[in-house]
Amino acid sequence: MKTFQNIDNIRDIRKKLGLNQQEFWSQIGVTQSGGSRYESGRNMPKPVRELLRLVHVEQVDLAKVNHDDMVIAALLKVRHPDIYKTLKKEAKAK
């Protein structure tokens, strides 16, 4: 899934994860009632959509990621693209 793409199947994602609305939406700072509106088709702001994608689709534990991690990844991608590509393939295989 690409960044900032619409996510059409929010309810399906939540159900596949076995979470109720409160559990699912609270992980990205959205109330249950707000999440219910998004699941019913209300337009979701891009920041909320990206948090949903990172946390529930990409399964990123935001509590474990910090600014230095992001800087290191960006530097690795630019300075050592071969290593970056190899590590990315290994990560996808897991």
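- For V60, the side chain to side chain contact (heavy atoms under 4.5 Å, CB included) partners at least two apart in sequence or on another chain are L54, E58, L62, V65.
- Between the CH2 atom of W25 and the CG atom of L52 there is a distance of 5.0 Å, given to the nearest 0.5 Å.
- Taking R11 as the reference, E39 meet the salt bridge (Lys or Arg N to Asp or Glu O under 4.0 Å) condition, with sequence neighbours excluded.
- Atom CG of residue L51 and atom NZ of residue K46 lie 14.5 Å apart, to the nearest 0.5 angstrom.
- By the 4.5 Å side-chain criterion applied to Ile, Leu, Val, Met, Phe, Trp and Tyr, I72 is assigned to no cluster and stands alone.
- Note: I10 CD1 to Q21 CD = 10.5 Å, rounded to the nearest 0.5 Å.
- The CE atom of M44 sits 10.5 Å away from the CD atom of E50 when rounded to the nearest 0.5 Å.
- With H56 contributing its side chain and I13 its backbone, the two residues share no donor-acceptor pair below 3.5 Å.
- Defined by atom type and a distance below 3.5 Å, a donor-acceptor pair is missing between the side-chain atoms of Q22 and Q32.
- By the side chain to side chain contact (heavy atoms under 4.5 Å, CB included) test, N43 pairs with no residue at all, sequence neighbours left out.
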Could you list the donor-acceptor pairs under 3.5 angstrom formed between side-chain atoms of residues 78-92 and any protein atom two or more places apart in sequence or on another chain?
residue, atom, partner, partner atom, Å
T86, OG1, D82, O, 3.0

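- Not counting sequence neighbours, the partners of D12 by the side chain to side chain contact (heavy atoms under 4.5 Å, CB included) test are N9.
- Contact detail for L19 and Q27: the closest heavy-atom pair is CD1-NE2, 4.0 Å.
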